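Here the structure comes first, spelled out in structure tokens, and everything after it is commentary.
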Amino acid sequence: MAPPEVILMGTFTGAIYGLIGIGLSLIFTGIRNMINLAHGHLAVLAAYLALTLSSNSMLDPLICALLVVPIVFALGAIIQYGAVNRLIYRSPTIPLILFAGIASIIENVALLVWHPDPRSLAPLAPYSLLTVSLLGVRLPLIYLVGFLISLGSMLILYTFLKHTDIGRAIRAASEDPEYAECLGVDTKKIYAYTFGIGGALAAIAGIMVGLIYLFVPSDGWPYTILSFGVIVLGGVGSMRGAFVGGVILGISQQLSAYYLGVAYQYFVGYILILAVLALRPQGIFGMRV
Amino acid sequence: MSELLLELKDISVSYDEIQVIWDANLNIKRGECVSLIGVNGSGKTTLLKTIAGVVHPFEGEIWFKGTIRIDKLSAHQIAALGIIYVPEGRRIFTKMTVKENLLVGNHLKKSKRKEMLQRVYELFPVLKERENQMAGTLSGGEQQMLAIARGLMADPEILLLDEISLGLSPIVVEQLYEKIKEINEQGVSILVVDEIPLRCLQVSHRGYIIRSGRIVFEGDSSDLLNNKDLRKIYLGTD
């Protein structure tokens with residue numbers, strides 16, 4: 001039997017993966033099936049911004065997140081409104097090239113500004129060394145914090161999409177953009193919100209992962225691939241699915257690291273993704289299209 | 001019944017290289033209900049979509065209230081002026097509840113939300129009963145009511161109704177036209193397009209007949225209904 005802390009830690013990190021996956025999924029379903037190839041880079045960028053802000057201000061990284069997340073939201077909204085909106089109507093593949101470029105810019109700026117050495121937000125958060133007892137197991141407090149913040153962010157997102165005018169407009173534009181326009185929804189503006197929110201979710205996840213693990217400028221691509229894995233497992237467009245997909249990936253990573261060694265933790269995750277694609281291509285909670 | 005609310009002047013529309021509307025002239029006065037009649041593929045829907053800004057004419061002008069030129073505006077700007085298109089096939093947001101659909105329709109008139117909700121619920125009480133139901137689970141007739149109600153939530157000056165009787169039983173169609181008459185009497189100008197021309201001419205003041213992308217006849221509904229030749233050729237009855 002696997003030690004329960006392995007399962008618990010997998011669940012907690014998995015919720016963070018779920019959050020970054022939901023961001024990618026929101027952008028995909030919300031903006032004409034557009035794939036944000038720079039998704040993971042936005043997460044890494046947020047971690048670096050929190051690092052700089054926190055080490056200069058001596059404020060807690062989580063406090064700094066209150067500033068960094070809105071910055072990434074604004075960056076995402078500007079990218080969408082200023083650039084992507086001009087391309088998206090021509091072909092869904094053109095933005096891919098743009099995002100590859102943006103990813104490359106973020107990665108190289110990070111290399112330049114923050115250097116290639118692995119960094120972590122943990123030294124800036126003294127409580128990251130604390131442990132808590134939960135269900136009879138001891139585990140680092142920061143995992144629990146990451147879990148709760150991810151869960152909280154998902155609840156806020158759900159409430160926002162369900163109960164605000166912009167949220168409803170995002171859902172309407174996601175289902176039928178052409179007709180939403182006819183009801184007065186300015187879809188270009190709504191897409192900017194959607195991309196900003198998706199980016200903000202990536203930013204929150206990036207900061208949480210940065211509090212738990214080390215990160216380097218080239219982590220953007222693995223983060224993006226991880227986000228894809230999450231929504232492939234859970235099913236595109238399903239928040240619950242992305243959460244479950246994230247948790248499955250998180251647990252599989254922890255288990256394989258425990259039994260097979262750290263080198264195998266991604267390998268097992270990818271095998272899982274391939275298995276789901278083969279057996280249930282619409283994802284666990286996805287609908288057949 | 002005098003102010004010219006909407007005026008199409010020599011409108012020509014094409015999809016890519018294929019022209020579908022030739023020099024269409026059409027107008028709607030405030031408070032009027034106007035029918036646009038024609039067979040499948042004659043360009044009715046295209047003309048409505050052109051007014052709504054979903055497609056743009058390559059020639060001609062469209063004026064709103066005589067002073068605002070709208071043929072170059074985007075769909076959401078035209079909606080903001082109070083011209084609301086209720087589409088063919090209803091296109092309700094199936095993943096949202098009935099009430100959420102209505103609230104999306106109310107996107108532009110949030111200050112009048114309560115008033116508008118009350119108005120559409122009075123008009124279509126069944127929507128009130130089903131307000132928390134997913135819109136995709138409604139029957140066809142209820143979905144059509146929702147589509148019209150959603151458009152009304154924008155407090156429009158003109159409603160453009162496209163093929164509202166498509167796939168519905170005659171009884172439901174009858175009920176819908178009663179509601180359209182009521183909406184018109186509340187002061188909303190209406191341009192209605194339908195496959196069942198007799199029913200729609202009975203509620204409208206005037207009618208246009210469109211054939212192969214050209215408007216070929218314009219007149220009072222009573223003229224259209226009584227003219228033997230027109231009945232035979234365009235309405236398919238004796």
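Atom set for the values below is all heavy atoms of this structure, side chains included, hydrogens, waters and symmetry mates excluded. In this text, all values refer to a predicted model and were calculated from it rather than measured experimentally. Naming convention: chains lettered A, B, ... in sequence-line order (proteins, then strands); numbering from 1 in each chain.
Within the model, atoms CD1 of A:I16 and CG of A:L249 stand 13.0 Å from one another, a figure rounded to the nearest 0.5 Å. Going from atom CG of B:N106 over to atom CG of B:L152 covers 11.5 Å, rounded to the nearest 0.5 Å.
When heavy atoms are compared at a cutoff of 4.5 Å, A:E175 approaches chain B solely by way of its side chain, counted from C-beta outward.
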Assess whether side chain to side chain contact (heavy atoms under 4.5 Å, CB included) is satisfied between B:V120 and B:I148, documenting all intermediate values.
CA-CA 9 Å; B:V120 301; B:I148 296 171; over 6 Å; no
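With respect to B:E142 and B:R130, a salt bridge is recorded, a charged nitrogen being found less than 4.0 Å from a carboxylate O. Of the charged side-chain nitrogens involved, none lies within less than 4.0 Å of a carboxylate oxygen, so that B:E115 and B:K109 do not count as a salt-bridged pair.
Per-residue counts of heavy-atom pairs under 4.5 Å with chain A were compared for B:A154, B:S74, B:P87; the largest is that of B:P87.
The number of heavy atoms from other shown groups lying within 6.0 Å of NZ (B:K110) is above 12.
Heavy-atom neighbours of chain B within the stretch residues 184-208 of chain A, taken at a separation under 4.5 angstrom, comprise A:G184, A:V185, A:D186.
Here A:F12 pairs with A:F147 under the ring pair (Phe, Tyr, Trp, His ring centres under 6.0 Å) rule; sequence neighbours left out.
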